[in-house]
Number of protein chains: 2
Amino acid sequence: MKKGNVITISDVAEALGVSKTTVSRAISGKGRIGEATRQKVLAYIEEHDYKPNVIARGLAQSKTFNLCVVMPEDYALVDLPFFQEVITGIQEIAGMNEYDILLCICQENDITGLERVVRNRKVDGIVLLRTFLKDPQIELLLEKKIPFVTTGSTAYRKVKQVDNDQQSACRELTSILLMRQMKHIALLGGSESFVVNQNRYKGYQQAYQEAGREVEETLVYRNLESCAFMDRAVEEVLEKGADCIVCMDDAICIQVLRKLRQEHIKVPQDIRVASFYNSSVLENNIPSITSLSFNARELGMEACKNLLAQIEGETVPDRTLLSYEVVLKESTK
Amino acid sequence: MKKGNVITISDVAEALGVSKTTVSRAISGKGRIGEATRQKVLAYIEEHDYKPNVIARGLAQSKTFNLCVVMPEDYALVDLPFFQEVITGIQEIAGMNEYDILLCICQENDITGLERVVRNRKVDGIVLLRTFLKDPQIELLLEKKIPFVTTGSTAYRKVKQVDNDQQSACRELTSILLMRQMKHIALLGGSESFVVNQNRYKGYQQAYQEAGREVEETLVYRNLESCAFMDRAVEEVLEKGADCIVCMDDAICIQVLRKLRQEHIKVPQDIRVASFYNSSVLENNIPSITSLSFNARELGMEACKNLLAQIEGETVPDRTLLSYEVVLKESTK
DNA sequence: CTGAAAGCGCTTACAG
DNA sequence: CTGAAAGCGCTTACAG
């Protein structure tokens with residue numbers, strides 16, 4: 001027995017009068033081994049609570065049994081619970097496969113954290129929680145040929161991605177609003193440097209098309225980066241006679257609601273409002289807000305499955321789209 | 001050169017016509033080595049971008065260069081940004097010391113995730129982000145004799161803990177309110193199964209004592225676990241003539257503000273309000289809310305330093321208290 | 001079916 | 001000052 005009374009494979013082998021090879025095989029199930037010896041080894045292991053050293057196994061197999069999750073450092077506050085849920089989903093699947101999660105918090109323009117993890121070969125694969133149109137993280141991983149997957153969509157070719165079907169979701173939401181007799185639906189959106197915002201916009205366009213109508217471009221505001229711009233946009237669409245405002249994310253929706261309240265404009269009486277993701281921040285709003293609902297945990301789980309499959313050398317689809325729900329609430333009544 | 005064109009210590013040794021021992025020494029700085037050879041090795045390494053395999057080094061040294069951060073799965077939404085900041089602080093210090101962060105999301109009554117990490121010996125030490133009065137995580141780590149530290153206080157003896165000085169902070173906040181002529185300060189607090197809430201209460205008592213006054217026990221509500229209880233408490237303290245409500249955490253404060261708004265009671269005209277932590281959720285409230293301010297990132301950094309010191313075998317203080325600020329805003333004017 | 005031996009990529013007494 | 005060798009705790013061709 002070695003130090004710290006942690007028992008090793010040699011201890012087990014010695015105690016049983018068999019070779020380390022045999023013990024290893026009994027545990028892994030790989031290679032031929034007699035059922036009797038196998039049971040004997042397993043019994044001993046169970047009784048003496050032997051746990052193989054995962055690090056050592058990793059070294060021998062050139063694996064780490066770690067996955068890296070890269071999380072942005074500069075997230076919008078409303079996005080945090082979403083990321084958290086995704087991570088929880090990832091961990092759930094990872095844990096079931098005896099993998100652990102290495103966390104890497106990276107800023108957009110400083111990926112030294114990720115570089116260190118890669119350089120130190122501490123992980124077998126990586127999940128990118130958020131990506132950009134031009135993304136140094138993706139370029140690094142592509143170059144190093146390390147298995148990775150993104151949650152959310154990216155425009156990079158040949159990158160495995162798992163995402164909610166943002167476009168269809170937005171198409172459906174918009175369609176429903178149009179069917180409910182809303183005639184002038186304004187769209188307020190955030191930075192176009194996120195692919196997700198582009199996809200959402202496409203869905204909005206599509207819905208108009210399917211309804212045989214032209215998008216009213218004057219009611220569409222994109223790249224709204226600050227509260228001041230949002231307030232301004234609200235004022236303008238009100239002047240232009242919009243009867244509904246669709247917010248491309250909840251950060252925008254919060255600001256829109258604040259502005260409307262300030263202007264004493266009532267929802268849904270004076271104007272309808274819908275948002276693109278029902279975060280808990282909006283959950284308690286009065287009136288309740290119509291929005292899309294995505295399952296963040298499921299997103300994490302699927303991304304993790306995809307990554308593990310890649311690590312196992314299986315071929316995985318380039319793009320996996322998950323479903324969504326349109327949740328109709330009072331704000332569009 | 002081995003597979004994947006990753007260069008190893010043997011490659012370096014061979015190329016230079018020296019032993020692996022020498023290369024190892026040049027890198028680590030341990031053991032005697034001639035300055036000339038040392039420079040030669042270092043130059044080669046630099047030029048050929050050799051990076052030692054951290055896993056292999058770990059195996060040889062019985063180290064992992066990983067730290068585990070245990071995060072609760074069932075947090076209040078307002079706490080999430082705080083945890084996130086703490087983790088960022090931990091990672092910052094960890095990264096500077098070539099350590100990585102293994103994330104472990106655990107529920108209160110299910111610590112299998114932590115058990116796995118411990119069993120697999122994937123980390124050299126652990127940070128517990130939140131603890132309970134009776135805490136299975138602490139008991140596990142104590143038994144396994146694994147270095148760990150908690151952020152926030154615990155009642156367990158012999159446990160290393162880093163915390164903001166909650167008690168002093170709350171004493172000072174309460175003192176200031178008393179000096180500002182508030183006569184009947186109600187206190188609404190959350191679960192007493194968190195040590196932090198006990199400490200905050202102590203500070204409140206202390207302030208009264210120092211002012212030569214008795215705590216008005218009828219204005220103190222603790223263990224407020226649901227919004228219904230909070231609403232009820234608000235109604236009661238209003239009836240009892242409180243002129244100020246101190247909320248022991250921001251989740252409570254949010255509910256109190258909602259209730260007051262609903263009852264058309266104006267802050268600060270009709271009643272003053274203060275909270276115990278200025279989370280971003282309250283940041284944009286109108287009126288702005290007086291509260292305590294703690295530096296979450298610093299908390300994470302200090303906790304990490306403490307843990308690394310423990311791992312190095314240094315003796316560290318049982319308890320480290322960090323400072324705070326009282327931020328006076330409109331809600332107590 | 002089982003085992004001796006080499007190997008994963010490092011570190012570190014020990015000897016010189 | 002430098003190196004051969006053993007060791008960290010596993011796995012896995014290869015041979016029997």
Side-chain angles (χ1 to χ4, degrees), chain A residues 1-42 44-45 48-66 98 119-124, chain B residues 1-42 44-45 48-66 98 119-124:
Chain A
M1 268 236 231
K2 308 292 174 190
K3 57 183 174 182
N5 71 24
V6 190
I7 161 176
T8 75
I9 197 172
S10 301
D11 299 323
V12 176
E14 199 174 326
L16 256 30
V18 300
S19 71
K20 294 190 296 176
T21 309
T22 301
V23 177
S24 176
R25 282 203 271 255
I27 296 169
S28 68
K30 295 177 199 163
R32 301 217 159 292
I33 184 173
E35 186 54 26
T37 29
R38 186 161 166 275
Q39 290 305 336
K40 187 176 67 172
V41 173
L42 258 24
Y44 184 92
I45 283 177
H48 293 77
D49 195 38
Y50 165 68
K51 307 288 180 191
N53 183 319
V54 181
I55 307 282
R57 171 186 295 166
L59 185 60
Q61 297 185 148
S62 296
K63 292 194 65 176
T64 65
F65 301 100
N66 286 150
E98 289 291 311
R119 181 180 71 223
N120 286 346
R121 281 154 283 173
K122 283 256 195 116
V123 299
D124 298 331
Chain B
M1 266 234 231
K2 307 294 174 189
K3 57 182 174 182
N5 73 23
V6 190
I7 161 177
T8 75
I9 197 172
S10 301
D11 299 323
V12 176
E14 198 175 326
L16 256 32
V18 299
S19 72
K20 294 190 296 177
T21 310
T22 301
V23 177
S24 177
R25 281 203 272 256
I27 296 169
S28 67
K30 295 177 198 163
R32 301 218 160 291
I33 185 173
E35 187 54 27
T37 28
R38 186 161 167 275
Q39 291 305 337
K40 187 176 66 174
V41 173
L42 259 24
Y44 184 91
I45 283 176
H48 293 77
D49 194 39
Y50 164 69
K51 306 288 179 191
N53 182 319
V54 181
I55 306 281
R57 173 186 292 166
L59 184 61
Q61 296 184 147
S62 296
K63 293 194 64 176
T64 65
F65 301 100
N66 286 150
E98 289 291 311
R119 181 180 71 223
N120 286 347
R121 281 154 283 172
K122 283 256 196 119
V123 300
D124 299 331

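Below, all heavy atoms of this structure are taken into account, side chains as well, without hydrogens, waters or symmetry copies. A, B, ... follow the sequence lines: proteins, then strands. Residue 1 opens every chain.
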A/F65 vs B/N120, side-chain contact (heavy atoms from CB on, under 4.5 Å): CA-CA, chis, key distance, verdict: CA-CA 10 Å; A/F65 301 100; B/N120 286 347; over 6 Å; no

Distance, nearest 0.5 Å, that separates CZ of A/R121 from CG of A/N66: 14.5 Å

Interatomic distance, B/I7 CD1 vs C/dC8 C1' [rounded to whole Å]: 17 Å

Interatomic spacing from CG in A/L59 to CZ in B/R57 - rounded to 0.5 Å: 13.5 Å

Whole-angstrom distance between D/dA6 and D/dT2, as gauged at atom P: 23 Å

Residue closer to the 5' end of DNA chain D, A/K51 versus B/G17 (nearest nucleotide): B/G17

Sugar-phosphate, base or nothing in reach of A/S28, heavy atoms under 4.0 Å: nothing

Value rounded to 0.5 Å, distance of CZ in A/R25 from CZ in A/R38: 13.0 Å

Dot-bracket encoding of pairs in DNA chain D, which uses [ ] for pseudoknotted crossings and | for another strand, Watson-Crick or G-U under 3.5 angstrom: |||.||||||||.|||

Nearest-angstrom distance from the residue atom NZ of A/K63 to C1' of D/dT11: 13 Å

Could I get a table of every N or O pair under 3.5 Å where one atom is in the protein and the other is in nucleotides 4-6 of chain D?
unit_1: D/dA4; atom_1: N6; unit_2: B/T21; atom_2: OG1; d: 2.7

Pairwise C1' distance, C/dG16 and C/dT12 [rounded to whole Å]: 16 Å

B/E98 with A/K122: basic N within carboxylate O range, under 4.0 Å: no

Spacing between A/R32 atom CZ and D/dA15 atom P, to the nearest angstrom: 18 Å

B/Q61 side-chain N/O to C/dT12 phosphate OP1/OP2 under 4.0 Å: yes

Interatomic distance where CD belongs to A/E35 and C1' belongs to C/dT2 [whole Å]: 15 Å

Euclidean distance for P, C/dC10 against C/dC14 (whole angstrom): 24 Å

Nucleotide D/dC8, atom C1' - distance to CZ of B/F65 in whole Å: 13 Å

Touch class at under 4.0 angstrom, heavy-atom based, for A/V54 against every strand present: nothing

Rounded interatomic separation in angstrom, taking CG from A/L59 and P from D/dG7: 17 Å

side-chain N/O A/R57 vs D/dC10 OP1/OP2, d < 4.0 Å: no

Separation of atom CG in A/N53 from atom P in C/dC8, rounded to whole Å: 18 Å

Any B/T22 side-chain N or O less than 4.0 Å from OP1/OP2 of D/dT2: no

Residues forming a side chain to side chain contact (heavy atoms under 4.5 Å, CB included) with B/S19, sequence neighbours excluded: B/T21, B/T22

Distance below 4.0 Å between B/K30 side-chain N/O and C/dT11 OP1 or OP2: no

Separation between CG of B/D11 and NZ of B/K20, rounded to the nearest 0.5 Å: 11.0 Å

Separation of atom CD1 in B/I55 from atom P in C/dG9, rounded to whole Å: 12 Å

N or O in side chain of B/Y50 less than 4.0 angstrom from C/dG9 OP1/OP2: no

B/V12/B/H48 under side-chain contact (heavy atoms from CB on, under 4.5 Å): CA gap, chis, key distance, verdict: CA-CA 9 Å; B/V12 176; B/H48 293 77; over 6 Å; no

Atom pair CD1 (A/I7) and NZ (A/K51), whose distance is rounded to the nearest 0.5 Å: 11.0 Å

Spacing of OG1 belonging to A/T64 relative to CD1 belonging to B/I55, to within rounding of 0.5 Å: 6.0 Å

Side chain of A/V18 (C-beta onward), nearest among C/dT2, D/dC10, C/dG3: C/dG3

